[in-house]
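Just below is one structure, and these are the notes that go with it.
Index from 1, following the sequence. Below, all heavy atoms of this structure are taken into account, side chains as well, without hydrogens, waters or symmetry copies. In this text, all values refer to a predicted model and were calculated from it rather than measured experimentally.
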Amino acid sequence: MKKVVSVVLVFVLAFSLAALSGCGSSDQVTLNVYNWGINIADGPEGGVDYIDVVEKFMEKYPDIHVNYTTYEDNESLYTRLKNGGVSYDVIIPSDYMIARMIREDMLLPLDFENIPNYELVDEQFKNQPYDPNNEYSVPYTWGTVGLIYNTKYVDEADIGGWDLLWNEKYAGKILMFSNPRDAFAIAEARLGYSLNTTDEAALRQCAQKLVEQKPILQGHVMDQIYARMEREEAWIAPYYAGDYLYMVEENPALAFYFPEEGFNVFIDAMCIPKGAANKENAEAFINYMCSTQAGLKNCEEIWYSTPLMSVREELDPEVSSDPMAYPDAEIMAQCESYTNLPQDILDLYTSEWLRLKA
């Protein structure tokens with residue numbers, strides 16, 4: 001969590017200083033970028049080899065001032081945009097949320113003449129079901145979901161599947177996702193259902209499993225996981241592989257595995273929402289983030305996997321061959337991407353999630 005705080009503080013200070021000096025007011029355009037927490041190279045804690053990619057972008061484009069803010073999950077992003085009253089130029093949702101936003105006419109088509117670095121994106125990340133004609137999004141990072149556990153406290157005999165999250169032996173030391181899509185997916189995998197099932201009876205069964213789990217949880221979290229797992233306040237948590245690779249640097253006692261029942265693989269991609277005030281500048285930002293320099297620094301600092309082949313070629317071989325960041329074909333055969341679900345199923349998710357949290 002400390003890195004999220006540092007990002008916010010850096011940009012709050014930058015904004016305040018700009019206001020005091022007059023910089024960024026009359027001769028600069030403000031570009032509003034909305035991204036996941038801990039999802040960009042921000043330099044300060046990485047040492048001399050790390051850079052702040054947003055700062056580098058503003059050096060390259062001195063007429064653009066970036067106002068960078070973060071959110072915790074796709075649902076928070078969607079709600080904020082859907083409710084109106086806010087304007088963003090670049091957002092970075094996950095695959096299934098991009099599909100939903102396309103369906104609801106919330107995104108602008110991109111002008112790829114302004115994004116020549118798109119050619120650096122590996123072909124396997126193009127023509128994805130969430131954006132089949134590559135009109136609205138440019139891949140930013142990709143990754144997988146698995147289980148993180150502390151080897152000092154968790155018995156190796158208990159690991160292997162998602163059932164570790166329901167093991168009463170570790171009551172009070174287990175964390176769970178605080179968003180419905182990821183939480184339901186875990187229950188779905190554990191019960192043998194597709195992560196995209198639309199069977200209402202199956203979904204209610206999954207919801208009941210989550211209700212049964214609740215008494216042994218320490219809590220439902222998102223980025224709060226960093227502090228709790230690193231400080232050993234919690235011992236078990238599902239989360240994204242890239243974040244595990246970040247956390248294990250702070251606490252080498254942490255380990256990770258892909259649950260045998262299956263798990264989610266996702267792509268986060270850059271989009272421009274309708275109502276964006278600075279579309280061409282937004283496309284310049286997207287293009288810069290697809291450059292080898294920015295992509296490499298992001299990959300090295302935040303540990304998420306890159307869709308840019310030029311970056312993969314530049315990575316330290318120890319990183320590019322890491323089985324958590326770049327799983328082999330056998331592991332990838334166990335995973336499933338989320339798809340956009342029908343509205344009635346989304347409504348069921350919402351009602352069951354509210355029941356769970358209440």
Side-chain angles (χ1 to χ4, degrees), residues 1 35-39 70-79 92-100 130 141-149 161-166 174-198 202-203 205-214 217-226 228-229 234 236-244 246-247 256-269 304-305 324 334-341 345-357:
M1 190 62 180
N35 194 4
W36 290 76
I38 312 188
N39 205 30
T70 64
Y71 53 88
E72 281 199 337
D73 55 51
N74 285 292
E75 288 68 28
S76 299
L77 164 65
Y78 172 83
T79 300
I92 308 180
S94 299
D95 37 28
Y96 74 95
M97 187 56 70
I98 293 171
R100 182 177 184 179
Y130 64 88
T141 56
W142 68 276
T144 52
V145 174
L147 263 176
I148 306 170
Y149 67 101
W162 287 116
D163 58 339
L164 182 61
L165 292 170
W166 279 262
I174 302 172
L175 301 176
M176 187 59 167
F177 276 116
S178 186
N179 76 76
R181 194 66 195 264
D182 283 323
F184 267 84
I186 290 171
E188 289 162 353
R190 188 182 181 212
L191 293 174
Y193 298 120
S194 165
L195 307 190
N196 299 299
T197 183
T198 56
L203 288 170
Q205 186 182 4
C206 292
Q208 186 56 38
K209 284 295 178 186
L210 296 175
V211 169
E212 293 169 5
Q213 178 197 44
K214 189 174 179 181
L217 293 181
Q218 185 181 109
H220 291 91
V221 301
M222 288 303 291
D223 284 343
Q224 301 91 338
I225 187 178
Y226 293 92
R228 296 197 195 185
M229 292 296 286
I236 300 166
Y239 221 60
Y240 313 113
D243 293 302
Y244 157 71
Y246 178 80
M247 282 183 264
F256 179 96
Y257 67 88
F258 296 110
E260 58 197 9
E261 303 95 333
F263 53 91
N264 173 236
V265 60
F266 60 87
I267 299 173
D268 291 339
Y304 275 78
S305 306
M324 303 304 171
Q334 303 174 48
C335 66
E336 185 178 4
S337 298
Y338 296 155
T339 61
N340 185 32
L341 298 171
I345 298 301
L346 293 174
D347 292 341
L348 179 60
Y349 265 73
T350 299
S351 63
E352 289 297 306
W353 186 250
L354 290 174
R355 181 172 72 87
L356 167 70
K357 296 303 286 282

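For the residue pair Met324 and Thr144, the shortest heavy atom distance occurs at O-OG1, 4.1 Å. Scanning all heavy atoms of the two residues, the minimum distance from Gly37 to Asp223 falls at CA-OD2, 3.6 Å. Counting all heavy atoms, side chain and backbone alike, Glu188 lies closest to Cys206 at CG-SG, 3.5 Å. Across Gly262 and Ala189, no two heavy atoms sit closer than the pair O-CB, 3.8 Å.
Between the side chain of Trp166 and the backbone N or O of Lys209 there is at least one donor-acceptor pair closer than 3.5 Å. Proximity of a side-chain donor or acceptor of Thr197 to a complementary backbone N or O of Ser194 within less than 3.5 Å is not detected. Side-chain atoms of Ser76 do not come within 3.5 Å of backbone N or O of Glu72 as any donor-acceptor pair. Lys357 contributes no side-chain N or O that, together with a main-chain N or O of Ser178, makes up a donor-acceptor pair within less than 3.5 Å. Formation of a donor-acceptor pair under 3.5 Å by the Asn74 side chain with backbone atoms of Ser94 is found in this model. Without hydrogens or angle criteria, Asn179 side chain to Asp73 main chain gives no donor-acceptor distance under 3.5 Å. Listed for the Tyr239 side chain is a donor-acceptor partner under 3.5 Å among the backbone atoms of Met222. The backbone N or O of Pro180 lies less than 3.5 Å from no partner atom in the side chain of Glu75, so there is not a single donor-acceptor pair. Using a distance-only test at 3.5 Å, with no hydrogens or angles considered, no donor-acceptor pair links the side chain of Asp182 to the main chain of Phe177. Remark: side-chain polar atoms of Trp353 are not paired, donor with acceptor, to backbone N or O of Ala183 under 3.5 angstrom.
Looking at heavy atoms from C-beta onward, Leu164 lies in side-chain contact with Tyr257 at the 4.5 angstrom threshold. In this structure the side chain of Leu341 reaches within 4.5 angstrom of the side chain of Thr198, judged on heavy atoms. No side-chain heavy atom of Val221 sits less than 4.5 Å from a side-chain heavy atom of Met176. Side-chain atoms of Leu165 and Leu147, non-hydrogen and from C-beta on, do get closer than 4.5 Å to each other. Side-chain atoms of Ile186 and Glu261, non-hydrogen and from C-beta on, never get closer than 4.5 Å to each other.
Between the side chains of Asn196 and Glu336, a donor-acceptor pair is found at a separation under 3.5 Å. Judged by distance alone, the side chains of Tyr78 and Arg100 do bring a donor and an acceptor atom under 3.5 Å apart.
Partners of Tyr244 according to the side-chain hydrogen bond (donor to acceptor under 3.5 Å, both in side chains) rule, which considers only residues two or more places apart in sequence or in another chain, do not exist here. In terms of the salt bridge (charged side-chain N to carboxylate O under 4.0 Å, His left out) criterion, Glu260 has no residue partners (sequence neighbours excluded).
A ring-centre distance under 6.0 Å is not found for Tyr130 and Tyr338. In this structure, Phe256 has its ring center at least 6.0 angstrom away from the ring center of Tyr240. For Phe266 and Trp142, the ring centers sit 6.0 Å or farther from each other.
Ring pair Trp36/Tyr71 is tilted by interplanar angle, where 30° to 60° counts as tilted. Classification of the Tyr349-Phe184 ring pair by plane angle, with boundaries at 30° and 60°, yields tilted.
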Q: Starting from the C-alpha separation in whole Å, work towards a yes-or-no answer on side-chain hydrogen bond (donor to acceptor under 3.5 Å, both in side chains) for Tyr304 and Asp268.
A: CA-CA 10 Å; Tyr304 275 78; Asp268 291 339; over 6 Å; no

